[in-house]
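Notes follow the structure.
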Amino acid sequence: MRRRPNHLAGFGSLIWLFVVGLPLYVMLVATFQSRADYAANGPLGLPERFTLDNYVNDLSDGFAQYFLNTVIVTVCVVGIVLLLVPPLAYAIVRSDGKATGRVFRLFLLGLAIPSQAVIVPMFYLINEAGLYDNLIGVILPTAAFAMPVCTLILSGVMRDITSELYEAMTVDGASSWRIFRQLVMPLSKSGLSTVIVFSALQAWNGFLFPLVLTQSSENKVITMGLYDFQTEHGVDMPGLLAAVVLSMLPILLVYLFARRALVQGLMGVGGK
Amino acid sequence: MTTATAPAVDSEKTRRRATRPGRAAGTGVSRPGFVWAAPAAVFFGLFAIVPLLLVVVLSFTSWNGLGSPEFAGLDNWSKLLDDPVMLKSLWLSLLLTVLGVVVQTPISILLGVWAAGHQRNRAVLSAIYFVPLLLSITAVSVLWRAVLDPNFGVPSQARWLFGDGNLFGVQAGAIGVLVFVSTWQFTPLHTLIYQGAARAIPQVLYQAAQIDGAGRFRQFFHITLPQLRNSIVTSMVLMVVGGLTTFDTVLILTQGGPGTDTTNSAYYMYQKAFKSFEFGTASAIALLLVLVASFVSLVMVRLTGYDKMRSTMEGV
């Protein structure tokens with residue numbers, strides 16, 4: 001059955017496109033102008049002279065270092081999650097012990113804990129552990145707070161593996177470890193990529209833990225770099241916005257090439 | 001949210017339980033033991049559960065960040081009850097949350113239902129709509145702070161719309177900015193929830209309605225909206241929890257100002273802890289916030305009967 005086009009909805013969708021696009025346009029255009037040109041043209045004006053100076057200046061003013069720090073944090077968080085969550089999800093789905101059930105409920109409870117709520121005790125613990133102003137001190141809590149959603153995603157995927165497959169492997173005399181390696185992991189690939197993307201996003205975009213657990217500029221991650229740039233030289237709009245673009249670049253690249261995994265990873269955020 | 005059920009325990013109990021990952025000789029199905037869950041459990045316990053318990057303990061202590069916390073009984077709590085800024089901050093948290101729900105829900109339902117259709121350009125537009133959700137809250141807040149800057153931003157060029165242009169100087173303007181920026185960033189998430197749910201509505205319902213002569217608006221209000229009920233609850237619970245704990249946007253966009261006019265509870269907690277170094281008081285605020293957020297989401301889930309219809313929920 002063919003429906004006639006809904007012009008009202010079409011119009012509404014264009015308005016939203018404008019709302020979403022306007023700040024992104026202002027941002028991009030501003031970053032390619034010098035400060036003086038930006039002041040003269042205004043945020044909505046068209047640029048006359050194209051320059052990459054803002055990006056170059058940002059990178060030499062520390063953003064290269066912040067970028068590297070953020071990469072380190074992200075890689076480590078993803079590593080920890082990949083090391084701990086798959087065995088946990090496997091145990092949750094396949095174990096018949098009571099203890100595993102309790103662990104799973106603990107993680108469900110974890111879904112409901114906002115990171116803001118634990119920031120004071122986290123500051124206390126990280127200080128006591130001597131990890132204040134150390135990237136490790138950011139990595140550990142960030143990984144822990146990414147785990148509940150990852151566990152839900154992965155155990156959901158693993159639950160779809162039929163018990164016939166497990167039984168077939170058992171008949172062959174396979175141990176839990178071999179089942180995990182040869183059956184569970186290969187069949188959980190889609191879940192694993194979602195988990196990787198979700199935890200990487202959490203780490204890359206994380207702000208609260210770095211804000212209260214780090215201090216010095218050699219341990220700054222990129223979100224902290226943005227925040228400090230804004231509070232220190234907030235009037236340098238093109239420089240500031242170029243830094244914003246730099247912070248988004250890797251995510252936008254992933255979005256271009258791995259959209260599906262990214263969208264699913266973000267729906268994981270929704271589960272939070 | 002997909003599989004929030006108790007772990008599946010196979011009906012057929014195995015005779016032999018594999019306590020170590022390595023061995024499960026003989027007939028029984030090899031099952032992973034607790035060892036497989038232990039590392040994750042220990043790690044998560046240490047960095048999430050222990051802090052949560054510690055926040056309760058710290059809320060009964062006095063600690064300035066140096067030395068060790070000292071027991072202070074109910075001091076923090078009685079101080080908070082008398083603190084006008086605290087009460088105001090709770091009220092502001094609720095206001096921001098309610099405004100967020102009221103503004104975001106209609107927009108994301110409409111966009112979600114639209115995106116579930118098959119129009120031309122739909123895929124391209126959806127891909128663009130999605131971009132704000134990819135960005136960090138920090139980047140989005142810094143971006144909007146720059147775009148709305150009274151001197152260098154869009155308001156300086158659009159006086160007809162923004163008046164004197166300083167949105168951040170008055171309470172209504174500052175609250176408006178906070179609600180708007182959250183809407184800009186999080187609408188795609190809720191749109192996605194509604195899009196999935198709208199796709200799952202059986203086409204037969206619309207065909208039947210069309211035969212009965214129901215127009216587009218009646219179809220929307222009598223078929224689409226009722227069918228989206230579960231998703232509306234899911235999306236609202238997310239909005240409420242997110243709204244009550246809004247922090248980054250407040251810190252970057254308004255710093256709680258003008259005055260304390262946008263100091264919500266999460267921001268007040270941060271100020272108490274890391275600006276005035278009253279970590280005990282801050283812990284009490286944090287605990288209060290967790291309690292309020294859990295209470296509100298529980299009430300929402302109960303009132304809507306959502307807990308009883310989990311099985312009909314489309315995979316969100």
Side-chain angles (χ1 to χ4, degrees), chain A residues 1 9 13 16-17 20 23 26-27 42-44 84-85 87-88 90-92 94-97 99-101 103-104 110 112-114 116-118 120-122 140-141 144 147 156 166-167 170 174-177 179 205 207 212 223 226-227 230 237 240-241 244 247-248 251 255 266-267 270-271, chain B residues 1-4 7-9 18 21-22 24 29-32 34 36-37 39-41 43-44 47-48 51-52 54-55 58 110-111 114 125 128-129 132-136 138-139 142-144 146-147 152-154 157 189 192-193 207 238 245 247-248 266 273-274 279 282-283 286 289-290 294:
Chain A
M1 199 174 318
S13 68
W16 192 251
L17 180 67
V20 171
V26 169
M27 171 178 73
L44 298 174
L84 295 179
V85 171
L88 171 70
Y90 175 48
I92 286 170
R94 290 296 294 171
S95 168
D96 49 8
T100 317
V103 170
F104 187 51
I113 312 175
Q116 286 91 336
V118 298
V120 171
M122 198 65 84
L140 296 175
M147 280 170 68
Y166 287 107
E167 276 152 26
T170 313
S175 63
S176 289
W177 166 243
I179 293 181
N205 288 343
F207 177 66
V212 300
T223 46
L226 284 182
Y227 176 60
Q230 191 217 29
M237 290 291 166
L240 179 62
L241 292 173
V244 173
S247 81
M248 304 171 169
I251 310 176
Y255 188 52
L266 279 156
M267 290 309 285
Chain B
M1 285 243 162
T2 20
T3 46
V9 177
V29 179
S30 312
R31 288 186 179 279
F34 181 68
W36 287 75
F43 186 84
F44 186 69
F47 291 102
L52 189 65
L54 210 54
V55 85
L58 283 174
L110 288 175
L111 281 174
W114 174 82
L125 284 180
I128 297 174
Y129 290 168
L133 192 59
L134 299 168
L135 315 176
S136 62
T138 321
V142 167
L143 169 59
W144 275 105
V147 169
F152 303 99
V154 173
Q157 280 190 315
L189 175 66
L192 221 55
I193 294 175
Q207 286 155 3
L238 291 176
T245 53
F247 167 73
D248 315 28
F274 299 99
F279 288 96
S283 301
L289 210 56
V290 175
S294 330

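Here is how names work: the chains are called A, B, and so on, in the same order as the sequence lines, proteins then strands, and each is numbered from 1.
Put simply, of B:A266, B:A282, B:G153, the one with the most heavy-atom pairs under 4.5 Å next to chain A is B:G153. Contact count against chain A (heavy-atom pairs under 4.5 Å) is highest for B:F43 among B:W144, B:F247, B:F43.
With a threshold of 4.5 angstrom between heavy atoms, B:S294 does not approach chain A through any atom at all. Residue B:V290 touches chain A through its side chain alone, counting heavy-atom pairs closer than 4.5 Å. The part of A:Q230 that comes within reach of chain B is its side chain, from C-beta onward, which places non-hydrogen atoms under 4.5 angstrom from that chain. Heavy atoms closer than 4.5 Å to chain A are found in both the backbone and the side chain of B:F279. Looking at B:P39, the atoms closer than 4.5 Å to chain A (heavy atoms on both sides) sit in the backbone and in the side chain alike. Contacts of A:L240 with chain B are made by side-chain atoms alone, with heavy-atom separations under 4.5 Å and no backbone atom involved. Both the backbone and the side chain of B:L135 come within contact range of chain A, judged by heavy atoms closer than 4.5 Å. Within the 4.5 angstrom heavy-atom criterion, only side-chain atoms of B:A273, from C-beta onward, approach chain A. In this structure, chain B has heavy atoms under 4.5 Å from both the backbone and the side chain of A:L17. Residue B:L111 touches chain A through its side chain alone, counting heavy-atom pairs closer than 4.5 Å.
One distance of note links CD1 of A:I113 with OG1 of B:T245; it measures 13.0 Å at 0.5 Å rounding. Distance CZ/A:F207 to CG/B:D248: 5.5 Å, rounded to 0.5 Å. For the atom pair A:W16 CH2 and B:L125 CG, the distance stands at 13.0 Å (nearest 0.5 Å).
Counting only distance, with no hydrogens or angles, the side chain of A:R94 and the backbone of B:R31 share no donor-acceptor pair below 3.5 Å.
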Could you walk me through whether B:F47 and A:V118 satisfy the side chain to side chain contact (heavy atoms under 4.5 Å, CB included) test, starting with their C-alpha distance in whole Å, then the side-chain angles of each, then the deciding distance to 0.1 Å, before giving a yes or no? CA-CA 9 Å; B:F47 291 102; A:V118 298; over 6 Å; no
Given A:L241 and B:L143, is the side chain to side chain contact (heavy atoms under 4.5 Å, CB included) satisfied, shown in steps? CA-CA 7 Å; A:L241 292 173; B:L143 169 59; 3.7 Å; yes
Could you walk me through whether A:S176 and B:W36 pass side chain to side chain contact (heavy atoms under 4.5 Å, CB included), step by step? CA-CA 10 Å; A:S176 289; B:W36 287 75; 4.1 Å; yes
